[in-house]
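Atoms within each ligand, like the ligands themselves, are counted from 1 in listed order.
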Amino acid sequence: MSEKDNDIAAWQASIGDLPEHIAIIMDGNGRWANARGLPRTAGHKAGVEATRRAVRSTAELGVKYLTLFAFSSENWRRPEAEVRELMRLLRIYLRSETADLHKDDVRLRVIGDKAMLAADTRQLIDQAESLTAQNNGLQLTIALNYGGRDEIAFATQAMIKDYSEKGYVPDIEEVETRYKSFLMTKDMPDPDLLIRTSGERRISNFLLWQCAYSEFVFTDVLWPDFDKADLMYAIEEFSGRDRRYGNAVCHSRSNKS
Ligand code: FPP
């Protein structure tokens, strides 16, 4: 074991239960650029570097699932040049990163309404998803043209179709139990920890169904400055929380109600 591996093992032992799934609202690129007298797009470029770091750090720390909010279904309302630049950066990320992610055993998936994305972007996503489909390391999900209410609407429509074919109306318990299987995140556990950077304290239409019992950690750090130490700090804060899932006493993850 290298010294670095030893350090991580000691840190993991101090944490106890690591979050299995971390979701991040990456916020503050524009303010980071503003503070330096740079255009917003420079903030997004630095944000991509922070994204690369976060993916690497999450895998190193032994967290299994990472879901990143890269572009919301509301972000189309931004100036056209900014939207174009965000999409260009995403394509650059996919082109430059897919081979390395694959080498590191990372599985990449994209959630969101892909129909509105440009054909070349969809093609890069498809290639990255199929190349990494069998990988068992970090399960990385990028939310792109994603909105939590949209997802719930899509899932509800799919469920209604399913029950129209089955020919009966399910009771509430059945709806709740089966609902997850209609969501874009059906193959992954719900986030244990949701981090939002830049001092904002909102969920902004991200993973609305899935975050019912997530712990939220808000940090003032702007996304381009977010680094491994900030990630470790957020996990440490999470580990000190008493997760009750609506019960009166502390329960482990398996005792959710
Ligand atoms: C919020 O900052 C950030 C975004 C809308 C985009 C997040 C995108 C990236 C980090 C880069 C692309 C991601 C990948 C996966 C390659 P903001 O512009 O709202 O900042 P502000 O609130 O300070 O204006």
Side-chain angles (χ1 to χ4, degrees), residues 22-59 65-102 104 106-114 116-118 120-129 132 138-148 150 184 194-207 218-228 230-231:
I22 297 180
I24 308 184
I25 301 179
M26 310 179 285
D27 199 4
N29 295 349
R31 274 163 287 166
W32 183 92
N34 238 345
R36 287 162 179 75
L38 297 169
R40 292 176 60 79
T41 48
H44 294 316
K45 206 166 163 208
V48 175
E49 286 314 309
T51 304
R52 285 200 176 95
R53 279 199 305 271
V55 170
R56 224 173 299 127
S57 306
T58 308
Y65 294 85
L66 175 67
T67 301
L68 301 171
F69 204 3
F71 193 88
S72 79
S73 43
E74 289 82 26
N75 284 155
W76 297 108
R77 294 187 208 133
R78 293 187 175 212
E80 201 190 318
E82 186 176 342
V83 170
R84 214 180 312 120
E85 178 63 7
L86 277 168
M87 290 299 161
R88 191 181 75 87
L89 288 172
L90 179 86
R91 285 193 296 272
I92 293 175
Y93 178 83
L94 290 170
R95 276 196 200 102
S96 63
E97 216 65 7
T98 298
D100 276 354
L101 291 174
H102 184 49
D104 293 340
V106 176
R107 178 173 184 182
L108 176 83
R109 274 178 284 194
V110 170
I111 56 168
D113 184 3
K114 291 177 224 171
M116 269 172 79
L117 303 175
D120 56 347
T121 308
R122 285 203 309 265
Q123 195 186 2
L124 284 168
I125 293 170
D126 289 347
Q127 283 166 355
E129 286 186 332
T132 63
L138 177 71
Q139 304 291 294
L140 170 65
T141 302
I142 297 180
L144 200 59
N145 191 25
Y146 173 88
D150 276 1
M184 295 164 184
L194 176 94
I195 301 170
R196 182 169 189 152
T197 58
S198 88
E200 304 295 348
R201 289 155 189 254
R202 294 184 291 274
I203 192 165
S204 295
N205 204 13
F206 191 39
L207 302 175
F218 300 106
T219 168
D220 289 338
V221 174
L222 303 174
W223 179 250
D225 290 328
F226 191 86
D227 63 14
K228 189 173 176 183
D230 297 310
L231 180 66

Worksheet item: Got a salt bridge between D27 and R196, using NZ or NE/NH1/NH2 to carboxylate O under 4.0 Å?
Response: yes

Worksheet item: Where's the contact between L68 and ligand 1, heavy-atom distance under 4.0 Å: side chain, backbone, both or neither?
Response: neither

Worksheet item: Roughly how far, to the nearest 0.5 Å, is the CZ atom of R91 from the CG atom of L94?
Response: 9.5 Å

Worksheet entry | Best match, M26, R78, R52: closest heavy atom to atom 17 (P) of ligand 1 | R78

Discussion item. Nearest 0.5 Å, please: how far is CG in L207 from OG1 in T141?
Written reply: 9.0 Å

Item to complete: Of the side chain and backbone of F71, name the one, both, or neither that has a heavy atom under 4.0 Å from an atom of ligand 1.
Response: neither

Worksheet, complete the sentence: Looking only at non-hydrogen atoms, the one of A70, G43, A50 nearest atom 7 (C) of ligand 1 is A70

Item to complete: Compute the shortest N/O to N/O distance between W223 and ligand 1 and return yes if it is under 3.5 Å, no if not.
Response: no

Worksheet item: Where is the nearest protein heavy atom to atom 22 (O) of ligand 1: which residue, which atom, and how far?
Response: R31 NH2, 2.9 Å

Discussion item. Can you list everything that forms a side-chain contact (heavy atoms from CB on, under 4.5 Å) with Y65? Sequence neighbours excluded, please.
Written reply: E20, H21, Q139, M188, P189

Worksheet entry | T98 side chain vs A128 backbone, donor-acceptor pair below 3.5 Å | no

Worksheet item: Have S96 and R52 got a donor and an acceptor in their side chains that come within less than 3.5 Å?
Response: yes

Worksheet item: When only distance counts, is G30 in polar contact with ligand 1, meaning an N/O pair under 3.5 Å?
Response: yes

Worksheet, complete the sentence: Numbered in order shown, the ligand 1 atoms found under 4.0 Å of a heavy atom of N75 are 5 (C)

Item to complete: Check N29 against ligand 1 and report side chain, backbone, both or neither, counting heavy atoms closer than 4.0 Å.
Response: both

Item to complete: Heavy atoms only: give me the nearest N75-A70 pair and the separation to one decimal.
Response: OD1-O, 4.5 Å

Worksheet entry | Option among D230, I24, V48 that satisfies the side chain to side chain contact (heavy atoms under 4.5 Å, CB included) test with W223 | I24

Fill in: Contact with ligand 1 for S198, non-hydrogen, under 4.0 angstrom
no

Discussion item. Contact between ligand 1 and R40 is defined here as a heavy atom of the residue under 4.0 Å from a ligand atom; is it met?
Written reply: yes

Practice prompt. Can you label the angle between the W76 ring and the F71 ring as parallel, tilted or perpendicular, going by 30° and 60°?
Written response: perpendicular

Worksheet item: For W32, is at least one N or O under 3.5 Å away from an N or O on ligand 1?
Response: no

Worksheet item: With a cut-off of 4.0 Å, which atoms of ligand 1 are near a heavy atom of T51?
Response: 10 (C), 15 (C)

Fill in: Heavy atom of the protein closest to atom 12 (C) of ligand 1 (residue, atom name, distance)
V48 CG2, 3.9 Å

